[in-house]
Amino acid sequence: MKYIDEFRNQQLVQTLINEIKTVSKKPVRLMEICGGHTMAIHKFGLKSLLPENITLLSGPGCPVCVTDQKYIDTAIAFSRVKDVIITTFGDLMRVPGSSSTLAGEKAQGSDIRMVYTPSDAVSLAQENPGKKIIFLGIGFETTAPTVAASIEQARAEKVKNYYVYSAHKLMPPAMEALINEGVKIDGYICPGHVSTITGAGIYEPFPRKFKVGCVVSGFEPVDLLQTILMLVKQFEAGKPAVEIQYKRAVKPEGNLLARQIMNEVFQPGDDLWRGLGIIKNSGLKMKPEFKEFDVEVNIDVKAEKTVYNKGCVCGDVLKGLITPKKCKLFGKVCTPASPVGACMVSSEGACAAYYQYD
């Protein structure tokens, strides 16, 4: 198939639904890790088409959602430093910190600008030699290579006023942490974008070590239903495995050049996840040889003490322990217009998906 409408073909969808109903006999819990999958599942109403014995859980795959509030508080502190320009992607602007947001700081006069790529931030640094330009680097293996490339670009072009505040995260450690925490998961709907970079090899331990199947999925209805069918077949046969459904974009080895650039600049390190706490070797930290671009090394700030909103249960949502509608704040105090937690802010957040489509 070549065109989007073919991946939304009603007859194909019905055929896959019928096959899933025929194959699936036992209760099975499948987790979509990617926020893009969460949005697509709700947008196309796929949950309502599945038999009741199949439970879909939303996991920690939204880059904005998993970024801890402490990072937001520190980013806000950086924005208050004289002669600093903060650059970021749009969703992060409205994520609440302990007492403010980046959007609120911008309204108060801090110089905070949205960019489309990290290289835009490098260009801004070249245009403003008297300023310190900080890029807020969040996300998974998907975005880390482009940030690494911007750092290499800055070095090659001798840009001395470009810094990155890295909170990049690696997907497999979080997947393993959920299982170790006792979350019942029979299969992972693995992220298409991350896997485009990493390949499917990063999931190999899960069938072998945890008896959990992994299928890399695309984002259209036919993609997701075919992925669910593949996982259900594995589960019913008792033969968990790693498979790629999204073959039009994902190669087994991934994008070797992107992986090389990422590994040149970053190295694994412990990192803090919203709701999941500190996970060993789950983040990407800048290597010592690139410390001139590491904002935590070069600009000293004292962020306010992070105070978490006790009513917000984004952490439990990210772990698949509850659905957003189980949160007492959902749709009342917490809405897209007035979000309390990151999961309601992000365009890939589970709460935003439930609010918009369910």
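Values below: every heavy atom of this structure, side chains too, minus hydrogens, waters and symmetry copies. If you're wondering where the values come from, they're calculated on a predicted model, not measured in any experiment.
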Just by modelled atom types, is the S79 backbone N or O under 3.5 Å from a matching donor or acceptor in the S110 side chain?
yes

Would you kindly say whether Q153 and S119 are connected by a side-chain donor-acceptor distance under 3.5 Å?
no

Under a 4.0 Å threshold between the charged nitrogen and the carboxylate oxygen, would E292 count as salt-bridged to R155?
yes

Q234 (side chain) donor-acceptor with A241 (main chain) under 3.5 angstrom
yes

Side chain proximity check, P288 to Q267, heavy atoms < 4.5 angstrom:
yes

P60 and side chain to side chain contact (heavy atoms under 4.5 Å, CB included): which partner among R274, M175, M31?
M31

Would S100 and E105 count as a side chain to side chain donor-acceptor pair (under 3.5 Å) if you check the C-alpha gap in whole Å, the side-chain angles of each, and the deciding distance to 0.1 Å?
CA-CA 7 Å; S100 183; E105 295 301 307; 2.6 Å; yes

I20 and L225: which non-hydrogen atoms are nearest, and at how many Å?
CD1-O, 3.6 Å

When you look at N53 and S24, which way does the side chain to side chain donor-acceptor pair (under 3.5 Å) test go after all the steps?
CA-CA 8 Å; N53 62 302; S24 188; 2.7 Å; yes

Looking only at heavy atoms, which two atoms of V317 and A350 are closest? And how far apart?
CG1-CB, 3.8 Å

For E236, is there an ion pair with K25 - N to carboxylate O distance below 4.0 angstrom?
no

Quick one: does any side-chain atom of D223 pair with a main-chain N or O of E220 as donor and acceptor, under 3.5 Å?
yes

N161 side-chain N/O to A125 backbone N/O, donor-acceptor pair under 3.5 Å
yes

Looking at F235, I'd like to know if the NZ or CZ of K26 sits under 6.0 Å from its six-membered ring centre while staying within 45 degrees of the ring's axis.
yes

Could you tell me whether a side-chain N or O of T67 sits under 3.5 Å from a main-chain N or O of P63, the two making a donor and an acceptor?
yes

Going by side chain to side chain contact (heavy atoms under 4.5 Å, CB included), V28 matches just one of L56, I54, I228. Which one?
I54

Nearest 0.5 Å, please: how far is CG in L231 from CD in E243?
8.0 Å

For residues V212 and L321: do they belong to one hydrophobic cluster (side chain heavy atoms under 4.5 Å, members Ile, Leu, Val, Met, Phe, Trp, Tyr)?
yes

Go through F78 and Y165 one step at a time and tell me if the ring pair (Phe, Tyr, Trp, His ring centres under 6.0 Å) criterion holds.
CA-CA 10 Å; F78 281 127; Y165 183 25; 5.4 Å; yes

D5 CG: over 12 foreign heavy atoms closer than 6.0 Å
yes

Any sub-3.5 Å donor-acceptor pair from Q69's side-chain atoms to V307's backbone N or O?
yes

Exercise: identify the closest heavy-atom pair between G341 and C312:
CA-SG, 3.7 Å

Please check if any side-chain donor atom of Q260 sits under 3.5 Å from a side-chain acceptor atom of E264, or the reverse.
yes

Donor-acceptor pair, side chain of T55 and main chain of R29, under 3.5 angstrom:
no

Whether F219 and Y246 hold their rings parallel, tilted or perpendicular, with breakpoints at 30° and 60°:
perpendicular

Using a strict cut-off of less than 4.0 Å between a Lys/Arg side-chain nitrogen and an Asp/Glu carboxylate oxygen, indicate whether D68 and K169 qualify as a salt bridge.
no

Give the minimum heavy-atom separation between D91 and V345, together with the two atoms involved.
O-CG1, 3.4 Å

Looking at D271 and K285, is any side-chain nitrogen of the basic one under 4.0 Å from a carboxylate oxygen of the acidic one?
yes

Counting only heavy atoms not in K106, do more than 12 fall under 6.0 Å of its NZ?
yes

Side-chain donor-acceptor pair under 3.5 Å between T198 and Y203, yes or no?
no

List the atom of L16, the atom of V222, and the distance in Å for their closest heavy-atom pair.
CD1-O, 3.7 Å

In terms of heavy-atom contacts, P27 and D186 come closest through O-OD2, 4.3 Å

Give a yes or no on this: more than 12 heavy atoms of other residues, nucleotides or ligands lie within 6.0 Å of atom NZ of K47.
yes

Are there more than 12 heavy atoms of other residues, nucleotides or ligands under 6.0 Å from atom CD of E289?
yes

Side-chain contact test, heavy atoms from C-beta onward, threshold under 4.5 Å: evaluate it for F135 versus V115 and give yes or no.
yes

Do the side chain of Q245 and the main chain of G218 share a donor and acceptor less than 3.5 angstrom apart?
yes

Write out all pairs satisfying side chain to side chain donor-acceptor pair (under 3.5 Å) with one or both partners inside residues 142-152, taking only residues at least two apart or from two chains.
S150-Y162

S346 (side chain) donor-acceptor with E348 (main chain) under 3.5 angstrom
yes

Please check: side-chain N/O of N255 versus main-chain N/O of T196, any donor-acceptor pairing under 3.5 Å?
no

Do F140 and H168 have ring centres separated by under 6.0 Å?
no

Quick check on K184: does its NZ atom have over 12 non-hydrogen neighbours (other residues, nucleotides or ligands) under 6.0 Å away?
yes

